[in-house]
Amino acid sequence: QVRLVESGGGLVQAGGSRNLSCVASGTIANIRDIGWYRQAPGSQRELVALDKDGSSIRYGDSVKGRFTMSRDNAKNTVLMQMNRLTPEDTAVYYCYAVMRRTGTPFRAYWGQGTQVTVSS
(Lines give C-alpha, C1' and ligand atoms only; values in the text may rest on other atoms or scores of the structure.)
Protein backbone atom coordinates (compact mmCIF):
# COMPACT_ATOMS: atom_id res chain seq x y z
CA GLN A 1 0.00 0.00 0.00
CA VAL A 2 1.26 3.44 -0.93
CA ARG A 3 0.14 6.53 0.90
CA LEU A 4 0.98 10.14 1.69
CA VAL A 5 0.93 11.35 5.28
CA GLU A 6 0.96 15.05 6.12
CA SER A 7 1.90 16.65 9.40
CA GLY A 8 2.52 20.11 10.79
CA GLY A 9 -0.87 21.74 10.55
CA GLY A 10 -2.32 23.80 13.35
CA LEU A 11 -3.18 27.28 14.53
CA VAL A 12 -0.81 30.17 13.89
CA GLN A 13 -1.09 33.93 14.23
CA ALA A 14 -1.01 36.19 11.24
CA GLY A 15 2.52 37.09 10.33
CA GLY A 16 3.85 33.86 11.76
CA SER A 17 5.37 30.78 10.20
CA ARG A 18 4.52 27.13 9.97
CA ASN A 19 6.24 24.09 8.48
CA LEU A 20 4.41 21.22 6.84
CA SER A 21 5.81 17.80 6.10
CA CYS A 22 4.64 15.03 3.81
CA VAL A 23 6.06 11.53 3.78
CA ALA A 24 5.33 9.01 1.07
CA SER A 25 5.36 5.49 2.41
CA GLY A 26 4.88 2.01 1.07
CA THR A 27 6.43 0.00 -1.73
CA ILE A 28 7.34 2.99 -3.86
CA ALA A 29 9.42 2.55 -6.97
CA ASN A 30 9.49 6.15 -8.19
CA ILE A 31 8.04 9.52 -7.25
CA ARG A 32 7.76 11.69 -10.30
CA ASP A 33 5.86 14.78 -9.12
CA ILE A 34 5.22 15.87 -5.56
CA GLY A 35 3.86 18.95 -3.89
CA TRP A 36 1.03 20.68 -2.10
CA TYR A 37 -2.45 21.92 -2.86
CA ARG A 38 -4.88 23.63 -0.52
CA GLN A 39 -8.60 24.11 -0.24
CA ALA A 40 -10.34 26.79 1.76
CA PRO A 41 -14.02 26.51 2.71
CA GLY A 42 -16.22 27.31 -0.26
CA SER A 43 -13.26 27.46 -2.64
CA GLN A 44 -11.73 25.16 -5.20
CA ARG A 45 -8.54 23.28 -4.50
CA GLU A 46 -5.59 25.36 -5.65
CA LEU A 47 -1.93 24.81 -6.29
CA VAL A 48 0.48 25.81 -3.55
CA ALA A 49 3.73 24.29 -4.79
CA LEU A 50 4.59 21.44 -7.12
CA ASP A 51 7.89 19.82 -8.06
CA LYS A 52 7.43 18.24 -11.46
CA ASP A 53 9.87 15.43 -12.09
CA GLY A 54 12.58 17.11 -10.05
CA SER A 55 13.11 19.77 -12.68
CA SER A 56 11.66 22.86 -11.05
CA ILE A 57 9.18 23.94 -8.41
CA ARG A 58 6.13 25.87 -9.44
CA TYR A 59 4.45 28.03 -6.82
CA GLY A 60 0.94 29.41 -6.75
CA ASP A 61 0.79 33.16 -7.25
CA SER A 62 -0.62 33.80 -3.80
CA VAL A 63 2.31 32.14 -2.00
CA LYS A 64 5.27 33.18 -4.13
CA GLY A 65 7.98 34.74 -2.04
CA ARG A 66 6.46 33.49 1.21
CA PHE A 67 6.41 29.69 0.90
CA THR A 68 9.39 27.49 0.14
CA MET A 69 9.16 23.81 -0.70
CA SER A 70 12.02 21.35 -0.56
CA ARG A 71 12.16 17.73 -1.62
CA ASP A 72 14.24 14.95 -0.11
CA ASN A 73 14.25 12.06 -2.55
CA ALA A 74 16.18 9.76 -0.25
CA LYS A 75 13.48 10.05 2.42
CA ASN A 76 10.50 10.32 0.05
CA THR A 77 9.66 13.52 1.88
CA VAL A 78 8.64 17.00 0.91
CA LEU A 79 8.74 19.92 3.31
CA MET A 80 7.08 23.27 3.01
CA GLN A 81 8.11 26.30 4.97
CA MET A 82 5.35 28.89 5.15
CA ASN A 83 6.24 32.42 6.20
CA ARG A 84 4.32 35.67 6.67
CA LEU A 85 1.06 33.79 6.95
CA THR A 86 -2.23 35.64 6.57
CA PRO A 87 -5.82 34.61 7.36
CA GLU A 88 -6.24 34.01 3.60
CA ASP A 89 -3.82 31.09 3.94
CA THR A 90 -6.32 29.28 6.16
CA ALA A 91 -7.15 26.01 4.41
CA VAL A 92 -6.75 22.28 4.41
CA TYR A 93 -3.37 21.53 2.88
CA TYR A 94 -3.10 18.35 0.84
CA CYS A 95 0.03 16.54 -0.18
CA TYR A 96 -0.07 15.33 -3.78
CA ALA A 97 2.23 12.99 -5.64
CA VAL A 98 2.44 11.12 -8.91
CA MET A 99 4.27 7.93 -8.14
CA ARG A 100 4.32 4.25 -8.89
CA ARG A 101 4.88 0.96 -7.23
CA THR A 102 7.24 -1.55 -8.79
CA GLY A 103 5.74 -2.94 -11.97
CA THR A 104 2.78 -0.57 -12.07
CA PRO A 105 2.16 2.67 -13.98
CA PHE A 106 2.37 6.11 -12.48
CA ARG A 107 -0.79 7.38 -10.83
CA ALA A 108 -1.83 10.32 -8.68
CA TYR A 109 -2.14 10.08 -4.91
CA TRP A 110 -3.52 12.50 -2.34
CA GLY A 111 -2.93 12.70 1.36
CA GLN A 112 -5.80 13.14 3.79
CA GLY A 113 -4.94 16.78 4.42
CA THR A 114 -3.82 18.85 7.35
CA GLN A 115 -5.64 21.94 8.57
CA VAL A 116 -3.79 25.24 8.81
CA THR A 117 -5.66 28.07 10.51
CA VAL A 118 -4.24 31.58 10.59
CA SER A 119 -5.80 33.92 13.15
CA SER A 120 -5.86 37.66 12.66
Transitively linked via ILVMFWY side-chain contacts under 4.5 Å: [X] with [Y]?
| X | Y | result |
| --- | --- | --- |
| Val2 | Val23 | no |
| Val78 | Val63 | yes |
| Phe67 | Ile57 | yes |

I need the [X] [atom1] to [Y] [atom2] distance, nearest 0.5 Å.
| X | Y | atom1 | atom2 | result |
| --- | --- | --- | --- | --- |
| Leu11 | Gln115 | CG | CD | 9.5 Å |
| Arg58 | Leu50 | CZ | CG | 7.5 Å |
| Arg100 | Tyr109 | CZ | OH | 11.0 Å |
| Arg45 | Arg38 | CZ | CZ | 13.0 Å |
| Arg66 | Tyr59 | CZ | OH | 12.5 Å |

Nearest heavy atoms of [X] and [Y], plus distance in Å:
| X | Y | answer |
| --- | --- | --- |
| Ser17 | Asn83 | OG-OD1, 2.9 Å |
| Met80 | Ala49 | SD-CB, 4.4 Å |
| Val92 | Gly113 | CG1-CA, 3.8 Å |
| Ala91 | Ala40 | CB-N, 3.8 Å |

Hey, which of Val48, Leu79, Asp51 is the one that makes side-chain contact (heavy atoms from CB on, under 4.5 Å) with Trp36?
-> Val48
side-chain contact (heavy atoms from CB on, under 4.5 Å) with Arg71: which of Ile31, Thr77, Asn76?
-> Ile31
I'd like to know if the side chain of [X] and the backbone of [Y] have a donor-acceptor N/O pair within less than 3.5 Å.
| X | Y | result |
| --- | --- | --- |
| Gln13 | Ser119 | no |
| Arg18 | Gly9 | yes |
| Arg3 | Gln112 | no |
| Arg32 | Val98 | no |

For Met82 and Leu20, run side chain to side chain contact (heavy atoms under 4.5 Å, CB included): C-alpha distance rounded to whole Å, both residues' side-chain angles, the deciding distance at 0.1 Å, then the answer.
-> CA-CA 8 Å; Met82 307 184 294; Leu20 301 182; 3.7 Å; yes
When you look at Asp33 and Lys52, which way does the salt bridge (Lys or Arg N to Asp or Glu O under 4.0 Å) test go after all the steps?
-> CA-CA 4 Å; Asp33 309 334; Lys52 287 189 69 69; 3.5 Å; yes
Could you check Met99 against Leu4 for side chain to side chain contact (heavy atoms under 4.5 Å, CB included), going step by step and ending with a plain yes or no?
-> CA-CA 11 Å; Met99 52 189 177; Leu4 300 169; 3.6 Å; yes
Residues that Tyr96 engages under ring-ring contact (aromatic ring centres under 6.0 Å, His included), provided they are two or more places apart = Tyr37, Trp110
Kindly state each residue pair satisfying disulfide bond (SG atoms under 2.5 Å apart) with at least one member in residues 7-95, sequence neighbours excluded.
-> Cys22-Cys95
